[in-house]
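Written out below as structure tokens is the structure these notes cover.
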Amino acid sequence: MTGNAPFLVVGIIFFLGLYAILFERNLIKIAIGISLLEASANLLLIVLGYRSGGSIPIFTLAGEVRTMVLPTPQALTLTAIVIGLATSALLLSLIMLLYRHYGTLDVREIRRLRG
Amino acid sequence: MNWQIHLPALVLAIPLLGAFASPIAGLGGRTVRNGWMAFISITTTAVCLLLLQKVLVDGTAVYVMGAENWNFTLPSGLSWPIRIILQVDAFSAFMAAVGSIAALAGAFFSLSYMDKFTGLEKFSALYFLLVTGMLGMQLTGDLFNFFVFLEIASVASFGLIAFWRDRPEAVEASFKYMIISTLSAMFILIAIGFLYGRYNAVNIAAVARMLHMGYAEKIALVFLVVSLTMKSGAVPMHMWTPDAYAEAPAGVTCLLVGVSQASLYGLFRVCFSLYGSSLGSPVIPWTIIVMGVLSMFIGVTMAVIQKEIKRLMAYHSVSQIGYILLALGVGLLALRDPQAMADYGFTAMKGGIFHIINYTMYKGLLFLTAGALYYSAGSRNLNELGGLARVMPYTTLMFVIAAAAIAGIPPFNGFVSKLLIYQSTFAVYPLLAVVALVTSVLTLASFVKVFQTAFLGPAKSKFAKVTEVPGSMLIGMSILTVVIIVLTLFPTWTLAHLVEPAAKALVDQAGYISAVMGGGL
């Protein structure tokens, strides 16, 4: 029913995130770009495991179920979300420290290390 | 049944225990904390060396987590492995041993080096977490676990690079590394998604068995190669390397050198064991070769003009990574052709793998001596240092050994691996060997500069009170010096007993697959 539309969404989110990381100048916007990339990777995994009309992959008290979605991508995504949470928290706290040191969030002005 | 079958799990469990018990050890005061750090790093190295010895004798070791039995790779009734599997062949065990020696030296060095700072129980927790991540990347037989361990290593290293968080430069370096590293981790996850979508498996051996080159596989390969070379610090994505290596505390830099090898390990595992003979066209090998040549040359030319000692050494890391990429790229090029493999491919792989251990040892030692200079003289700027050979004789001696090794002066170990690389790359395309030689000359030039300005020259009055560094820092440096001297004295033994099995394991894709998948589906 949905066809390839979810993959299209994955692609759009991926390129939006990549664009933000490469071309934005505000550190917070770069952090948002990284979160978008994480979201697209997670969505890709979930979409790959979907079987149309499938139910949740739990056997206990499942009743009459014909198809189930694949459980492995869901386990992978859950792990990836937890890792993404840790990375985002650390990223934001580093941005906070950078702001405290440099007084700006502009990447063009945070460049003491060069050459 | 003996306890040695559990070695692969122990290699990961011991540093993990060390990491999470560090805050508890920290409650006992300075002695307990330092003792704990020394104990865990010695045990980890010992277990890694035992594992290497076992793998060299018994062949590839497999360990299944959570199954009824440790070697139960295929659960009953299923034809593909869905367990969490550690797969250790000679190459993995070799890399794990190299990384754990670097970690041991860095840990001992850090005991005194970090002594005047607070929050050290957190430091040692992050340190061992980084060790766990590095060893996990090298031992796992599963693509998704590779991603998880890569993220463990990355997150721990962000914290360690920014450990001196009151220094703006350290936070800036950590942020840069974080962007690059998270980006490459996400690329790896997407590549894993592509492979999973095609084959419903994430086990490297299982995917490798079914792999047929198509569009999805090509996209996944490009994502993996790009992200792993980015993480290992090769040109064109090398700009995080000098910042992160220069701003991290010296003991951590020594370990980070080992961690960048884990990304290289991932790259070669993907190229040789996952894709292997189905790689087809020579585009990927040539891409790796070209990236290697560019890294060598750009890295060393940037290094020559540096004034800060750790930045200079960090640019040399970029150029040394180039040697390894060049050598293994040539090996990959020769993979499909047995004649070429026998002529020059296998020599190149031996050279590249020997260079991995040489590079980790002497580069780690160089970063530690730079840290010792900073600790004693309080400066990393070459324009300010001078005449330190009088007051720091041991550091000077070890610096000279490491510098001679990296410059490839005979009879040091760097010469042996570089000679193998020159010989084999010359057979492919003479220009490659020429670039490698020029790089080696420039490396020598810049280390002569460092030696002359920092250690020789008249004694400066402001360094009159400088003394030799404390004992534990000397122990950390001597560990690496001893390894370099052993490699220097016994290159033939090392090549025959450590390097050649590792190179054979890397080439033998069928052996890697059958260790998990058994005889047939």
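Throughout, protein chains are lettered first and strands after them, A, B, ... in sequence-line order, and every chain is numbered starting at 1. Note that these values count all heavy atoms, side chains included, but never hydrogens, waters or copies made by symmetry.
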Please report the shortest heavy-atom distance between B:G266 and B:L228, naming the atom on each side.
C-CD1, 3.6 Å

Taking every non-hydrogen pair under 4.5 Å, which of [options] racks up the most with chain B?
options: A:R100, A:R111, A:R112; value: A:R112
options: A:L97, A:L91, A:L37; value: A:L91
options: A:I21, A:V107, A:L48, A:N42; value: A:L48
options: A:I34, A:L76, A:L94, A:L44; value: A:L76

Chain A contacts, top residue of B:K176, B:R167, B:E172 (heavy-atom pairs, under 4.5 Å)
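It is B:E172.
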
Heavy-atom pairs under 4.5 Å with chain A, option from B:V155, B:D166, B:I305 with the top count
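Going by pairs under 4.5 Å, I would pick B:D166.
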
I'd like to check the ring-ring contact (aromatic ring centres under 6.0 Å, His included) partners of B:F158; sequence neighbours left out, ordered by chain and number.
B:Y177

Please look at [X] and chain A and tell me whether the side chain, the backbone, both or neither of the residue comes under 4.5 angstrom of a heavy atom of that chain.
X: B:E247; result: side chain
X: B:A246; result: neither
X: B:T182; result: side chain
X: B:F175; result: both

Per-residue contact mode, A:A86 against chain B (heavy atom under 4.5 angstrom)
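It is neither, since no heavy atom gets under 4.5 Å.
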
Between the main-chain N or O of B:R380 and the side-chain N or O of B:K310, is there a donor-acceptor pair closer than 3.5 Å?
no

Excluding sequence neighbours, so at least two apart, what forms side chain to side chain donor-acceptor pair (under 3.5 Å) with B:R165?
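Per chain and number, B:R165 pairs via side chain to side chain donor-acceptor pair (under 3.5 Å) with no residue.
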
Hey, could you give me the CG/CG distance between B:N145 and B:L150, rounded to the nearest 0.5 Å?
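The CG atom of B:L150 is 12.0 Å from CG of B:N145, to the nearest 0.5 Å.
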
Indicate the ring-plane relationship of B:F117 and B:W164, choosing parallel, tilted or perpendicular according to the 30° and 60° boundaries.
tilted

Are more than 12 heavy atoms from other residues, nucleotides or ligands located less than 6.0 Å from atom OH of B:Y199?
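Atom OH in B:Y199 is packed in, count exceeds 12.
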
More than 12 heavy atoms of other residues, nucleotides or ligands under 6.0 Å from OH of A:Y102: is that the case?
yes

